[in-house]
Each structure stands twice: as C-alpha cells, then as structure tokens.
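Please read the structure below before turning to the comments.
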Amino acid sequence: MFEAMSAVEPAVNLSTLVQEAFIDPIRSVLIIDDRYPTWDTIFGKDGYDRGDKRRWAEPEQMHRVVRQFRDKSPALTVDIHDGGDNAEISRYLHQSDLLVLDYQLEQMEPYGVQASQILAKLLASTHFNLVVVHTDTEDLVVPFNTILLSLLSPIADDQKKIALASDLLDKAEEEDDWEDIRAEVAAAFPASAYLAYRRAIDNNVTPSQFIESHAEAVHFRAICEKAGWKAGDCRLVLCWALSKHEARMVKTEGPPAQFRWRYPGESEQAWIRTSGGFIAFAKKQNTQLLETLRDALADWKPSPSRMISSRIRAEISSLGVMAEDTTFSDRRAYWKYYQELLAADITGDTGDSQRRTLIEAHAARHTERLLDKVGAKAVEFGLKLVKCDPTSADSAAPGFGAHYEVPPTAEGDIDLTINHYNAYISTKPVSGWHLQPGHLLKVGSDLWVCASPACDLVPEQKTQIGITGSSKAKTKPFVAVKLHVRDDVGRADVNSNTMVFLLDEAKNKVATYSVFEKSGENASPVWRMMFAENFGKFKVQDKVADLCISEISGESGKLEVKRIEAKIVGQLRYEYALNLINKLGVEFTRIGLDFVAPPDKAKATATAAAVLEPLKDEAGLKDVAAVAG
C-alpha cells in the first residue's frame, strides 16, 4: 500500500504529450533492412545462419530493436522486409503505423537511393506516416542530406537562366585565373548551402539577400566578387549551382510539398517533416528507436491542434467499432434515412447531386455522434495540454501557441489572424444540390449572397413565389444581396453581423466583405430579385458550382431579362446565413416616419458660402460674412 501511495504521477510536459498523441497509438511496425531475416527466411526450409556476420546483423542487436516494440502494452505487431523487391514493398507500406528503414539497402555505394525511393512512395500517400531511418553511417549528415534532397521538388529548372550562367562561367574561366571555376562554384555551394537556401526562401528571403548576408553563402560570394559579377550575374550562377543539386530530383505536379527540418547538430535530434509524414534519424548503435522518434517529434513542436487531432484519430481507431454499434442502434432512424437516399432524384444535369448531399449530411451527423462516444479521452487530453502550457501559469512565458508559428501583427496592420479565424468559423466549402441561403455567387466581378429563406429555395416547391408560372419556366426566384469589398474593417463592423469573410485557398488570403458599402447606420444594402435556372439545382465540381441565373434590367430604358453565368464560390455556415438574413430583414422592413432632422450646421454654412460668394465683389465687401450681415 505504501508503494502505491508513494507512486508519483509523471510530470506532464511536451514530451509526455507527444508520447500520448503520436507514440502510444502505434500498433504495428514494419522494419525494412537487408540485414534482418524476414519471417519467410526464418521459418523457411533452410532457415538462416546466425553466424554469417557479413550477411546478417548481430542477433542481440536485432533482438533489442524488436523487443522494444514487443515489450509495449499492448505489444506491437512487427513485420520485416529485406528491401529486395520494390514492387513487393509497395504492398507493405500502407499496413504499418511506424516504418523503420535501413539507409544502406544497397550492397555498395551510392547508398540511400532505394531508401529514398521507398520514402517518396510512402510520403505520397494520404496517411500521416512515422519513419525512423536507421543507418550504420557514422555521420548522420550524409543520409540526412541524401534523403532530404531526394524528396524536395526542384525550383531551379529555368534552362534559359542555366545556359546564361554557363556562358558566364566559360567567359570567366577564359579571361581570369581559374583552374576549374565550375568545380570551385560546386565546392562553394555544397548540399548544406543548398538546403540553407531552400529554408531561407521559405522564409521569404530573396536570392540576392541570401547571397549578400547568409553565412552558408560566404564562399560563393567570394567567388562572385573575384569574378566581378554584378548582382544579376550572381543570381544566374546561383541558379546554375542549385540545378546541380536538383539533377536527380523528380518534378512533381501541383505546388511543391511544404518541408521543415532540423540538421544533424542543429538540435539534439535530426528530423524532416512534410505533409505526408515525419522522418527521424538514428544510428544503428541506438536501438531505442521509439524514444528517438518521440524526442524528434517533441523537437518539431507540433501544434496543440495537431496533437488533439492525433488523439482523436487514436480513440476512433481504438473504440470505433464499439462506438459504431452504439451509434447505429437506432435502426428505424437509419432505415428512414436510407429510404430518403433511395428516393433521391438522380435525373437531369445535376445527376446524383441530391443523393451525394444526403450522404454528406449523414456522414457529418454520424461523425458527430461517433465523436460523442469516443471524444471523452481526447477532451481530457486537450484539457491536460492547456493546463501544462507554460502560458497558463505565466501569460508572458512562451507556450505551445508559439508552435503555430504565427508572426505577431505589426502595429497599424490588419490582423490577418482574426480574419482567418472569422473565415474558418463562418464559411465552409460549397455543398448541397440546390441553392441555399448563404451561398456566395460570383457574378462577373461582383460577389452576391443568397438571402432567401431555405423553405423558399426547395426545387419544385412554392412555385408561385416571385413570378407567375415559375414552375413552367423551371426557375427559382431568390433574393441576392451585393457584397462590397471592405478593407477598413473595425471592431464595430465585425460586431454588426453584416460581414462576410471568404478565404481564397489558392492565395491563402481572406477577403472581407460587407452588405453595406460604407460604415454607418444610414447605409443601405443593394439587393436584386434573381432567377436561378433548373430550379436552382447544381453540381459541385472542384469546390465550386456553375449556376445560370437571370435578372431584370432596365439599362436599355425598358425592362429586359438578362441571362448571366454565375459561379457559387463559397457558402456561409447555416447559422451565419440565418443571422445575416435576420439582419437584412430589418433593412427590408424599414418604415419611413415623418420626423424632421435638424440641419447639419457645417453643411449649411458651406452651402451659404457657395451661394453668397458671387455677391462679394458686387457688394464691395471683403468676405461673405459681411454679405450675410
């Protein structure tokens, strides 16, 4: 009893939180090492010769590595592959939570080629993969640089610039005392300098700034000065030097993946982080790979949101089936849902959009109910995380909030963080199969928001609203309110419930709009009655939806119907759409009263001065005040 009472709960810190969020959920491990016998080899007819030290690793070392995974509770499932068949490896990669990868899978140099190929395939998957690269290499810099350079996408592939730089190098070698200027430039710009440059440009450093001020460019800068190159020439030769490192990189489609890393020696742990996973590095002498991985993850400093998300995934994986059984226990409700799904209209241009929308809604509700069952531990984890954050005890202390790497807002600048937060909580990607309140329509260069109630927008219902015979014309009348770009957004504007914050994902920028063109109580919204073709039905493609609309125009001097191609580019969340409609309802139901407001004195004085000014000379007076007198 005394021992139980004296047991001290381990202190909660970033390392223990990382352990709980990323390490504890691991259930399976795949070891790829040509010096580890596979299960097929061990249990095969011939077995394997433990004494063949040229072929196999020391049994004690292999046992220590495997035992750390088997000693966990629950014990981890361990599989082994010898790395001999790349095609076969692809079948294994998706099965494991952790990959232990030997760097030297080749029998001779160059090493790391096959390991790099395996990692490229793994990190291209949709899973977040944890990897420990295990190596006999004495200096971790070698495998680190090889792996990272193989994963990055090239950025210096402008052949015209490379050709111009080559001419500069030829000319310099002909005119000056250079033994081999290409070799000197290559030596002055090794892999470490290349990676330093990649990190610098990710932090918005220009090529010229890198050449002029970064320590890794000292030798390169000395060559530029000796050759007498101007700034533009230096940038060209820099492009040439970059291209030498990028010769074996694979050009990938789409934007390059975002990488972060720590060099060996830059911190206690070397690691690479990309959207596809996390790679730690360890020498073969180090068999405590889970500890190495945990320490590297802690050095990465994952954001609290990512750690909580990882904890949620772990709970769903652990309790998902049990929670599903409980969630689906109401068979009648789900039977009714399925009948609605079968009855959905799948005809016409919009195809299965209605059925797709029903499934999306069902998935959202199911996910919510599933989280109700499994989210308790994730909530407890989140509370523990916030409680141990140093900022909770001391507001001036740097805490986990710094892990988001959000730069402080300069005095007088727009707070981009608030705009991003407001866009995140109030808008969502386009969804549905027909027009809904809160849909944001791009019409030409203007943005409009649908402000009709949801019950008036159901296709083929309330067909007499707006115009006579709307059902025959297959049109859906709706009210649209124009949104005005507003850069001068203050606290009062945000709290007025008239703002729309829309994130442009391509530019990672939030545009701010208001239903009022200017601030102030006297502003009025601009609205139109519009008519959506095909009862407002649409099909979402690439996060947007095309919608043909018509509006009444009097630009020609008489009423005309103008047909316009519109695009639904965003959507307010339902509660924000309702709030906006409610706010606009007040504007649409204003009553004109007969109150008479007192005149604006300043405006009246200015008007009088303008009227009396022409009389000044005629009266022979010096100022208009005398005229008024």
Side-chain angles (χ1 to χ4, degrees), residues 110 112-113 116-117 119-120 123-124 141-263 266 272-275 506-508:
V113 175
S116 298
Q117 292 171 349
L119 285 172
L123 297 178
V141 170
V142 175
F144 181 90
N145 286 349
T146 300
I147 297 270
L148 181 53
L149 285 169
S150 71
L151 296 175
L152 291 170
S153 297
I155 57 172
D157 54 357
D158 189 327
Q159 295 304 313
K160 183 177 180 181
K161 289 183 178 179
I162 294 172
L164 290 173
S166 185
D167 291 341
L168 282 170
L169 293 168
D170 289 339
K171 184 178 180 181
E173 191 155 312
E174 291 173 2
E175 295 178 354
D176 299 315
D177 184 21
W178 298 96
E179 185 175 339
D180 187 346
I181 191 171
R182 282 177 168 77
E184 292 193 40
V185 170
F189 208 83
S192 58
Y194 175 86
L195 294 176
Y197 176 77
R198 290 296 296 260
R199 178 182 282 176
I201 62 171
D202 284 344
N203 292 323
N204 299 318
V205 174
T206 66
S208 294
Q209 289 172 335
F210 179 82
I211 295 171
E212 293 167 4
S213 60
H214 274 61
E216 292 83 357
V218 168
H219 298 304
F220 178 80
R221 185 164 61 248
I223 292 175
C224 292
E225 291 172 355
K226 180 180 175 181
W229 290 325
K230 296 180 181 179
D233 296 335
C234 294
R235 291 195 296 271
L236 288 174
V237 177
L238 175 64
C239 184
W240 180 90
L242 296 173
S243 72
K244 297 295 114 179
H245 293 287
E246 297 179 350
R248 63 189 179 94
M249 292 183 185
V250 178
K251 183 69 175 179
T252 56
E253 296 183 1
Q258 295 297 310
F259 282 79
R260 290 180 56 203
W261 61 83
R262 290 282 188 190
Y263 301 112
E266 189 178 8
I272 299 170
R273 164 75 178 95
T274 182
S275 55
K507 299 179 180 178
N508 193 30

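Bear in mind that the values here come from a model prediction, so they are computed numbers and not experimental data. Counting begins at 1 with the first residue of the sequence.
More than 12 non-hydrogen atoms from other residues, nucleotides or ligands lie less than 6.0 angstrom from NZ of K226. Other residues, nucleotides and ligands contribute over 12 non-hydrogen atoms within 6.0 Å of the NE2 atom of H214.
Listed here is the closest heavy atom pair of A188 and F220: CB-N, 3.8 Å. Nearest heavy atoms, A241 versus V185: CB-CG1, 4.1 Å. Considering every non-hydrogen atom in both L151 and S116, the closest pair reads CD2-O, 4.4 Å. Smallest separation of non-hydrogen atoms from S192 and N145: N-ND2, 4.4 Å. The minimum heavy-atom distance between I162 and A156, with the atom names listed, is CD1-O, 3.6 Å.
The shortest side-chain heavy-atom distance between T274 and W261 does not fall under the 4.5 Å cut-off.
A donor-acceptor pair shorter than 3.5 Å can be found between the side chains of E246 and Y194. Inspection of the Q209 and T206 side chains reveals an N or O donor paired with an N or O acceptor under 3.5 Å.
Q159 CD to S243 OG: the interatomic distance, rounded to the nearest 0.5 Å, is 7.5 Å. Taking CG of D158 as the reference point, atom CG of L164 lies at 8.5 Å (rounded to 0.5 Å). Atom CG in L168 sits 6.0 Å away from atom CG in L236 (nearest 0.5 Å). The distance from atom CD of E225 to atom SG of C234, rounded to the nearest 0.5 Å, is 8.5 Å. For the atom pair CZ (R235) and CG (L242), the distance works out to 13.0 Å, reported to the nearest 0.5 Å. Here the straight-line distance linking atom CZ of R260 with atom CG of D202 works out to 10.5 Å at 0.5 Å rounding.
Between R199 and E266 a salt bridge is recorded (basic side-chain N to carboxylate O distance below 4.0 Å).
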Begin from the C-alpha positions of R182 and D170 and carry the test salt bridge (Lys or Arg N to Asp or Glu O under 4.0 Å) through to its verdict. CA-CA 9 Å; R182 282 177 168 77; D170 289 339; 2.9 Å; yes

Test E212 against S208 for side chain to side chain contact (heavy atoms under 4.5 Å, CB included), laying out the working first. CA-CA 6 Å; E212 293 167 4; S208 294; 4.1 Å; yes

Between R262 and I272, is a side chain to side chain contact (heavy atoms under 4.5 Å, CB included) present by the stated rule, with each step listed? CA-CA 7 Å; R262 290 282 188 190; I272 299 170; over 6 Å; no

L152 vs L195, side chain to side chain contact (heavy atoms under 4.5 Å, CB included): CA-CA, chis, key distance, verdict: CA-CA 10 Å; L152 291 170; L195 294 176; 3.8 Å; yes

Test side chain to side chain contact (heavy atoms under 4.5 Å, CB included) on F189 and L238; report intermediate values, then the result. CA-CA 9 Å; F189 208 83; L238 175 64; 3.5 Å; yes

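Of the possible polar contacts, none joining the E173 side chain to the W178 backbone as a donor-acceptor pair under 3.5 Å is found. N203 contributes no side-chain N or O that, together with a main-chain N or O of V205, makes up a donor-acceptor pair within less than 3.5 Å. Between the side chain of S166 and the backbone N or O of A163 there is no donor-acceptor pair closer than 3.5 Å. The closest donor-acceptor contact from the side chain of R221 to the backbone of I211 lies under 3.5 Å.
In this structure, Y197 and F210 have perpendicular ring planes: the angle between them is above 60°, well past the 30° mark.
Every residue two or more places apart in sequence or in another chain was checked for a side-chain hydrogen bond (donor to acceptor under 3.5 Å, both in side chains) with Y263, and none qualifies.
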